[in-house]
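Reviewing the structure listed below.
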Amino acid sequence: MTTSKQEDFDSYVSSETARKYKKSASDALSKVDRHMLDKQLAAVQRDGYVIIPNVLSTEQLHEIRQEVSPLLDSTGRNDFEGALTQRLYSVIAKTFVCNPLVEHPLILALLDSLFQPGYLLSQLQVINILPGESQQAIHTDDAFYALPRPRQALGAATVWAIDDFTTENGGTVVIPGSHQWGEGGPSDEQLSRQIHCEMPAGSVVFFLGTLWHGGGANRSSSSRLAITAQYCEGYCRTQENFSLSIPLKRVAQCSEDIKRMLGYSIYGPFMGMVDGKHPKRLLEGLA
Ligand SMILES: O=C(O)CCC(=O)C(=O)O
């Protein structure tokens, strides 16, 4: 390649090739309190996570519970999913009730600050931990990306408390600061540093994909309902294959932010294309 061809290629990589649908980005940063956001980001950098209390209203919590409870009809198929844990996948194909959580401005503002424009929704799950469930294996969500640690996170997750989260009922377990650890699983001493996220219903814990965490044991007599949304950089493979699991007609009814995060977007100059074109063309005439 001659130098000028190389220069052309470099500028092509950072260019926008789609003509009809231009890159879109969330406007969350203009909607949140900058001072609060900076404090949250400082906590995320230091501890790997931050708890944002009391975000959802009682009405929202009621609506979510009403809508998702009838959809939870089976328990986990392996230790990781949990024999006494109900999980719902492909959530947007079944209900839109979790969409406001996925695209909550407080969360998008954190994601906008941490990741490249064009980050994706990697997974959306309803998780209901039933009484008697044991603690899930401590893990990192970024572990799928086989790159040596310590390294920058390639994604982040939220766990929204729909019920109060306590130590007794299985509030998410995190190991503060573990996002900075190197290769290898945690030692006994490191595991002894785990703590439960205790937070009232309507709160959310946001954590980096490099943070060691897991679902807690439920030693109470009630279930613990949560919604979790995971996100990844636009150049990473998503855990759920939303292109195949969410019908186009459902996607067409979602907001621009959700469409973009479901993969109806281009990570420049052409990652995500369909037949050489912008994937949003598939949604034309469907809304
Ligand atoms: O339910 C939780 O609190 C966390 C669950 C989790 O980390 C997972 O299933 O990967």
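Note that the structure is predicted; figures quoted are calculated from it, not measured.
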Exercise. List the steps, then state whether side-chain contact (heavy atoms from CB on, under 4.5 Å) holds for I162 with L56.
Key: CA-CA 9 Å; I162 308 304; L56 304 177; 4.3 Å; yes
Quiz item: Can you check whether Y231's main-chain N or O pairs, donor with acceptor, with S122's side chain at less than 3.5 Å?
Solution: no
Quiz item: Do F207 and H213 make the cut of ring centroids closer than 6.0 angstrom?
Solution: yes
Quiz item: For the ring pair H179 and W212, is the centre-to-centre distance below 6.0 Å?
Solution: no
Donor + acceptor pair across side chains of [X], [Y] (<3.5 Å):
X	Y	result
S178	Q190	no
S26	D112	yes
N218	S220	yes
E133	T85	yes
N99	E103	no
T166	E198	no
Q194	Q135	yes

Practice problem: May I ask you to check whether over 12 heavy atoms, not counting those of D79, lie within 6.0 Å of atom CG? | Solution: no
Self-check item: Face-on cation placement of R237 at Y145 ring, 6.0 Å and 45° thresholds
Solution: no
Quiz item: Which class fits the ring pair Y12 and F270: parallel under 30°, tilted 30 to 60°, perpendicular over 60°?
Solution: tilted
Quiz prompt | Parallel, tilted or perpendicular: rings of H278 and Y21 (30°, 60°) | solution = tilted
Quiz item: Can you tell if the side chain of T172 reaches within under 4.5 Å of the side chain of H196, non-hydrogen atoms only?
Solution: no
Quiz item: Are V68 and V97 side-chain neighbours, meaning at least one heavy-atom pair lies under 4.5 Å?
Solution: yes
